[in-house]
Amino acid sequence: MPKPQATVRRTIAEILDAARRAGWAWAKVEWKPDGSVTVDAGMTEADTDDDFLSSDLRMGK
C-alpha cells in the first residue's frame with residue numbers, strides 16, 4: 001500500500017498535468033492535512049501588480 005504522501009504527490013501531479021493539457025496558464029493545488037483540497041487556477045497570467053498606490057491608502061481625510 002502506498003504511503004499517503006506519495007498518493008497526494010501523485011494526485012497533485014496529475015491535477016497539474018491535466019491543467020497544463022487543458023491550456024490553463026497557472027494552477028495552484030493546496031491539500032490540507034484534514035483531506036480538503038483547494039485548486040486555484042486561471043486561464044490568464046496571475047496579476048501581481050497592486051491596484052492601489054501607497055498614496056491612495058491614507059487614513060482619515
Asker: Establish whether Val29 and Trp24 are linked, either directly or via other cluster members, by ILVMFWY side-chain heavy-atom contacts under 4.5 Å.
Answerer: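 Different clusters.
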Asker: Can you give each donor-acceptor pair under 3.5 Å made by side-chain atoms of residues 30-42, sequence neighbours left out, with the distance rounded to 0.1 Å?
Answerer:
unit_1	atom_1	unit_2	atom_2	d
Asp34	OD1	Ser36	N	2.9
Asp34	OD1	Ser36	OG	2.7

Asker: I need the Thr11 OG1 to Leu16 CG distance, nearest 0.5 Å.
Answerer: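 Output value for this atom pair is 11.0 Å.
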Asker: At their closest point, which heavy atom of Gly23 faces which heavy atom of Met43, and how far apart are they?
Answerer: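 Heavy atoms of Gly23 and Met43 come nearest at O-CE, 3.7 Å.
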